[in-house]
Structures are given as C-alpha cells and as structure tokens.
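These notes are about the structure you will find just below.
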There are 2 protein chains.
Amino acid sequence: MSSLRELAQMLGLSITTVSRALDGYGDVAVATRERVLAAAETTGYRPNSAARRLRRGLTEIVTMVLPAEPGHFNEPLYIELLRSTGERLAQQGYDLTLIAALPGPDELKTYRRLIEGRRTDAIIVVRTRREDARLRYLTDIGFPFVAMGRSDFSEPYAYVDGDGEAAFHDAALRLAGLGHRRIGHLAAPSAFTFAHLRRSGFARAMRDSGLPGEIVEDSATEAGGYRAAGVMLAQAEPPSALLCATDSMALGAMRAVRERGLVAGRDIAIIGHDNIPAAAFSDPALATMELPIAATGRRLAEMALARIGGADPRDMTEINPVEFLPRASLGEARG
Amino acid sequence: MSSLRELAQMLGLSITTVSRALDGYGDVAVATRERVLAAAETTGYRPNSAARRLRRGLTEIVTMVLPAEPGHFNEPLYIELLRSTGERLAQQGYDLTLIAALPGPDELKTYRRLIEGRRTDAIIVVRTRREDARLRYLTDIGFPFVAMGRSDFSEPYAYVDGDGEAAFHDAALRLAGLGHRRIGHLAAPSAFTFAHLRRSGFARAMRDSGLPGEIVEDSATEAGGYRAAGVMLAQAEPPSALLCATDSMALGAMRAVRERGLVAGRDIAIIGHDNIPAAAFSDPALATMELPIAATGRRLAEMALARIGGADPRDMTEINPVEFLPRASLGEARG
DNA sequence: AACCTCTTCCAAAACGTTTCGGATGACATT
DNA sequence: AATGTCATCCGAAACGTTTTGGAAGAGGTT
C-alpha cells in the first residue's frame, strides 16, 4: 500500500530488505526480490517522494526559470521546450517545475529562494543575456545549472544553443547572392545573446560581401518588427531585403511593408527565425530558420541530470545548426 | 544557517520554540520571536522543503498536465497561463510543476504516478474533453483538481472557462447583422468541450436568425483551418463569412481564401478566437475574441489551493465573458 | 499557604525513506 | 574443531521539520 513498513509487514520482511529489493541491490536473494516486486506491483506501492527526498538530500526536481516579460514570453517555442525537457526528465523520475522571474533587481531573489529552500536540484536558465548575473551567481555558489543560449561569461558552464551567428551569416549571404545590394537587419535587443549573435552573423556577411548593411533594433515582437521596419523603409534608399531576428518581428515587418504598398517576396525579401506556426501561413509565406527545439529540450534535461550527478560543465557545450526554410517571402533572384 | 537545529543552538533555544516563532504562533514571547526572526534573516535560514513536506503530508506543489499533442500544444495561450498560475501559487509558497501526457490509453497512468507517488497536492487539467476520463478518475479517488474548461460530467467539479457559447453566438449574430446570409463555421474537433461550445453557440445563432449555417470540422491548427476553408469554399455557393474556432484555424483559412483570389475583409469576413500575437499582424488584421487568460490562471491557482484546503468544488465554477475585437478581417456591412 | 491561571518554553515522537554496520547461518577450507 | 567465506537479511540511525502534551515559573486569588 502506501508505506514501505506496511509492505514489509505484509511480506514478513524487514523494511531494509524490501527497500533494497526494490532498488535492485545484489544484496537480496532472487526469490525474495521477485516476491517483493510482485507485492509492490499488486498493492500499487509508490515510494513517498518527500521521504526519499529528505533522506537522499535530492529533490528530484529540475526548475526552468522563464522570463516573465509579457511581450517576450508568449513564444510557442517555449512550450515545446518545456514539453521535451519535461518528458526527458520524467524518464529519470524527475519532475520539471516552472517559475517566472522578471529580469531586474529582484531576479536573483527568485533564484535564492529556490536554491536555499532546496526546492530544486538544478536550474535551467533560458533567454540568456550577454551580461548575465544569473550565471555569475549560480557559478559562484556552485549550483548545478544549464543554460539555453550562451553568454559573455568567462567561466565554463553548460549550454545548448543554436548557431545563430552562422545562420544569419549564411542567410545574409544568400540574400546577397540573390542580387540584393541593400540589406537591412531588424535586430532584437542586443543585451540578449541570441540577438547579438544573429546581428554579428549579419554584420560579418556584410563585411564579407562588401555591402553596407543597415541595422535597426527594437523589441523581439510583432510590434517591434513593425516599428523597426517602418524606420528602415522611411529611408531615402530603403533596403530590398529584411533579415529579421525572429518570426514575430518578421510578421510585424510584413505589415509595415504592406502599408507602404510594397509586396513582400516581390519588392522586398523577408526572412525570419523560429518557424512559428503562423509563419507558414502568412502572406506571403515567411522564409525562416528553425532550430531543433525538441532535441534541445532533451539535451538540456540530460545536461541538467549530468550536472546534478557532478559532471564537469566543461564538456557540456552544444551548438546546433539551424535549418533554413525558403518560402515565398524570400523572393526570386533579381536582375 | 541550513537547519532549525543549528539556528536553535545558536540562539540557545529549543527547536520547537524556533519553529513556532517562525510560524508566528502566539505561544512565544514577543521578544523571543523577534530575536528568532532577526537571526533567521541574517543567517538566511530557509526551511527544508522536503522535511516539511514529509511531516505535513503536503507537497506544496500543484501540477498542470498539458496535452502533449505536438500540433495542439504550441499555443501561446498556455505559456501565459503557466506564468499567471505559477505566480499566484508562488505567493502561497507553492510550486507549479508541469507534465506532459499524451491523450490515449496511457494518459491516466501519468496521473496515477503523480498521485500515488504523492508528488503533488492538486492537479490542473487543461483542454478538457466532453467525455473526460480524467475528471471521472480524479473525482472517484477524491483527489483535488481544477479544470480549465468544462466537460459533460455530471458530478460537481471546479472549473474556469470562457463563455465560448455566448461568444460564438454573438459573433455569428454580428455577422448576420452585417448582412451575411451564408455563414460558415470552421469547427475544432468536437470531442473538445471548447470546440463543442463554440459550435453550439454558432448553431444557436443560425437558428435564431433563420440562416442555414454550414460547419466543417478539422484540427485546431493553421493546417486544419486551411483544409476546412478549402472544403467550405469549394461549394457552389460558398459562404461570405467564416467564423473560426481558433485564430490558428483562421490564419489557415486566410491562406485558403487568398489562394482562391478572394480578399478577406472585402469578399469574405473572417473571425477567429484567442487573440494570438500574430492575429493583429495578419493581412488583413484578424478580428478575434479574447478571454482574460491571466485572470484565468490566477483563478485556477486560487481554486486549486482552496481544493487542497478541502473546499467544496460545488461553489467553484466560473465562466468568464469573452471580449470581441473587431479588426479589418471583419469587413463592412454589405448591401 | 494552597490553588489556579497564564505565559513561555521544551522533549520527544512522528512523517517514510535510505544506508551503515553488522548478525545469522550455511558451507567450504584448513 | 576451528576458521573463513559467502549469501541474505535486519536493527537502528539519520534526514529536518511540525506538533503533541506537557513542564516551569510568575503572578493573582482565595
């Protein structure tokens, strides 16, 4: 039933033996182990997690801390990430808890409460920033953590990231190859590493191809993309291609383009990043890039478990390639 | 420091007194309480959650079980729901854990593991279905739960829902009022209660206004909306208005409309539901409906806590009004 | 002085698990 | 017959908290 004691009593064995039988120690006779396992099965015995956590000093919980900014939060990406991470953790008997923490002066308080209250064994940090006090803090106190995304942080830490630099470099060169001579980049706030990397890749491609390359930065939302594209298109010689940091920005940019009577994919090329569901159904369909989000979630889970086990974060860095998805908004090669 | 024992030793008090001082019992002298609180503050004492959970028999965890179907999962709604629910629970010292469970024969296994392992104090069930074995199971074993969305379930249970029936009734009447005589409804799978209610509201409006009203059902995704709209528009006399169960479907429908050379908002009116971020930036902007998702999350949290406290679910039912957001895709009144 | 009331404190048990350090026999070895 | 080895098993401690059921003393009342 509910406790090891009851199970032991029922079997005429000691608590110790039952416990060790269930945990598969070599310490117990095969016949006994089977008897115990059978009894556990029929009575539906489940170890009390609070008790085992107390005794083992582990919570069997990994926590993902999500940035709570309303605008930046509602990206479909995260839900898929949560799903894949949670599933992988569950395979190991771990639970995934979720907390929201607003970036700002009180951000670390949330982490402290979590850690000092021993409410979690490891933390998954998402939406990393170039200067990220969270990585500093977690490293200093030696608490196991894994980051989704990189940071300008000198000490070794575990992370999984997409190769946004290469992806945006390649995408920009692709646009140049199609004949575009004025290419604009709608950048996300460069405090975020992902935004910085994508911008760097774009800038490198512009240097490589000897094109000017303009950049306008705004928030990584539809509204931000709309504003940034507005600025971009108000110029005397507006760009003929817009490389956008995210699909959300690209969808916003599309509206700005339409309002000026231009047709995306014909008058102006547009590329996004993330492959959100709406991207395939915009008008025209949005060319975009996709990173393997489910695999990323699984790797984050595995790394978190490894860090809990004491593994060295030095060996736990992974940068995944990003897949380019050409769609109508990319347009054709131009004369 | 880390334990009550150390704190007590340091203060020359018993563990009991320190514990009771921290919990605010009237049992301890004011001076002592303040001394204890001060010491707890400076040493940064945090109670060990596993120990308190074991002793109190509560996990201080609420679990949200998300449907893991890839297509249905990535709705931005859920992330906002998670955020608001989690924040409200955190105010009460509760954590929110998340697990994914595929609907199907093994779905209840996930619930059983959760409950029998005492890994959670309450469950939040989302995306309810008309016939929902989960509600039956949870009610039968008397486990505290709260549903987001209703179900055809005879016994009392706690839920928060939007009034999709009224919303779709009103939206359909609004279309009729604009002069539309052939109105189509792109329905989501009617096994889901939300889909059934929206469809019922639509059907009632058709009866009220004496219009035929056609319905095509498909999955609640962009692809589903695209297919359903294709069927709808292939008819001899296609509808002049499409009321879609979700924004995702509506965005898919828009593509089908475009491909037939029609212009949404001029040749055909389109309405969605959810107000996903992309809806305001589609071409034309998508008229939609919005339910107060953050408030819903908070209420779910509060109800879950109340259920844990033993409150009767009978009094815990809440149906919120849905706000209509007219946008360009609604079009003008027609001669 | 005896009794009662109140305030303030505390010892010890309990929650259910894991694990340390043996105990008990059976059997083989010397 | 003493010793050693091996396979099984178990008692008891420990994890850190909450809570029960008082104890000790101060002060008031009769």
Side-chain angles (χ1 to χ4, degrees), chain A residues 1-37 39-40 43-61 93-95 115-121 308-309, chain B residues 1-37 39-40 43-61 93-95 115-121 308-309:
Chain A
M1 296 293 202
S2 58
S3 88
L4 216 42
R5 193 164 46 82
E6 291 176 53
L7 200 58
Q9 215 150 13
M10 188 178 127
L11 287 162
L13 288 169
S14 76
I15 293 181
T16 308
T17 304
V18 176
S19 171
R20 297 180 76 84
L22 290 173
D23 281 5
Y25 280 67
D27 201 329
V28 33
V30 184
T32 338
R33 179 188 358 274
E34 278 170 6
R35 210 155 58 86
V36 170
L37 288 176
T43 62
Y45 168 78
R46 294 279 194 296
N48 179 304
S49 55
R52 85 150 34 187
R53 286 167 186 182
L54 174 59
R55 170 62 223 218
R56 309 230 330 243
L58 286 174
T59 63
E60 295 184 320
I61 287 178
Y94 267 70
D95 287 336
I115 294 167
E116 290 169 2
R118 289 173 209 70
R119 303 173 89 88
T120 192
D121 292 342
I308 292 169
Chain B
M1 296 291 197
S2 57
S3 87
L4 218 43
R5 194 165 45 79
E6 293 174 52
L7 200 58
Q9 214 148 15
M10 187 179 128
L11 287 162
L13 289 168
S14 77
I15 294 180
T16 309
T17 303
V18 176
S19 171
R20 297 181 77 82
L22 291 173
D23 280 4
Y25 279 69
D27 201 328
V28 33
V30 184
T32 336
R33 177 185 3 271
E34 280 171 3
R35 209 154 60 87
V36 171
L37 287 176
T43 61
Y45 167 79
R46 293 278 194 299
N48 179 303
S49 55
R52 86 154 27 192
R53 286 166 185 181
L54 173 58
R55 170 63 223 219
R56 307 231 328 241
L58 286 174
T59 63
E60 295 184 319
I61 287 177
Y94 267 70
D95 287 336
I115 293 167
E116 290 168 1
R118 290 170 208 72
R119 302 172 90 88
T120 192
D121 292 341
I308 291 169

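Computation of the quantities below employed the complete heavy-atom set of this structure, encompassing side-chain atoms and omitting hydrogens, waters and symmetry-equivalent molecules. Throughout, protein chains are lettered first and strands after them, A, B, ... in sequence-line order, and every chain is numbered starting at 1.
- Considering all non-hydrogen atoms of both residues, Gly117(B) and Ser49(A) come closest at O-OG, 3.3 Å.
- The distance between atom CG of Leu13(A) and atom P of dT24(C), rounded to the nearest whole Å, is 18 Å.
- Nearest approach of Arg119(A) to Gly93(B), heavy atoms of both residues: NH2-O, 2.7 Å.
- Electrostatic pairing of Asp23(B) and Arg56(B) does not count as a salt bridge here, judged by no charged N lying under 4.0 Å from a carboxylate O.
- Proximity of a side-chain donor or acceptor of Ser19(B) to a complementary backbone N or O of Ile15(B) within less than 3.5 Å is not detected.
- Scanning all heavy atoms of the two residues, the minimum distance from Arg52(B) to Glu60(B) falls at NH1-OE2, 3.0 Å.
- A donor-acceptor pair under 3.5 Å is formed between the side chain of Arg33(A) and the backbone N or O of Tyr25(A).
- Within the structure, every side-chain polar atom (N or O) of Thr17(A) is placed at least 4.0 Å from both OP1 and OP2 of dT8(D).
- Residue Asp27(B) contributes atom CG, which lies 16 Å from atom P of dA23(D) at whole-angstrom precision.
- Ser49(A) comes within 4.0 angstrom of nothing in the nucleic acid, heavy atoms only.
- Rounded to 10°, the angle separating the first-five-pair axis and the last-five-pair axis of the helix from dA1(C)-dT30(D) to dT30(C)-dA1(D) equals 70°.
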Nucleotide by nucleotide, 5' to 3', does protein get under 4.0 Å of the base (B), only the sugar-phosphate (S), or neither (-) in nucleotides 14-19 of chain C, counting heavy atoms?
-> BBBBBB

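- Nearest heavy atom pair, residue Val28(B) against residue Ala21(B), reads CG1-CA, 3.8 Å.
- No side-chain donor-acceptor contact under 3.5 Å links Asp95(A) to the backbone of Ile61(A).
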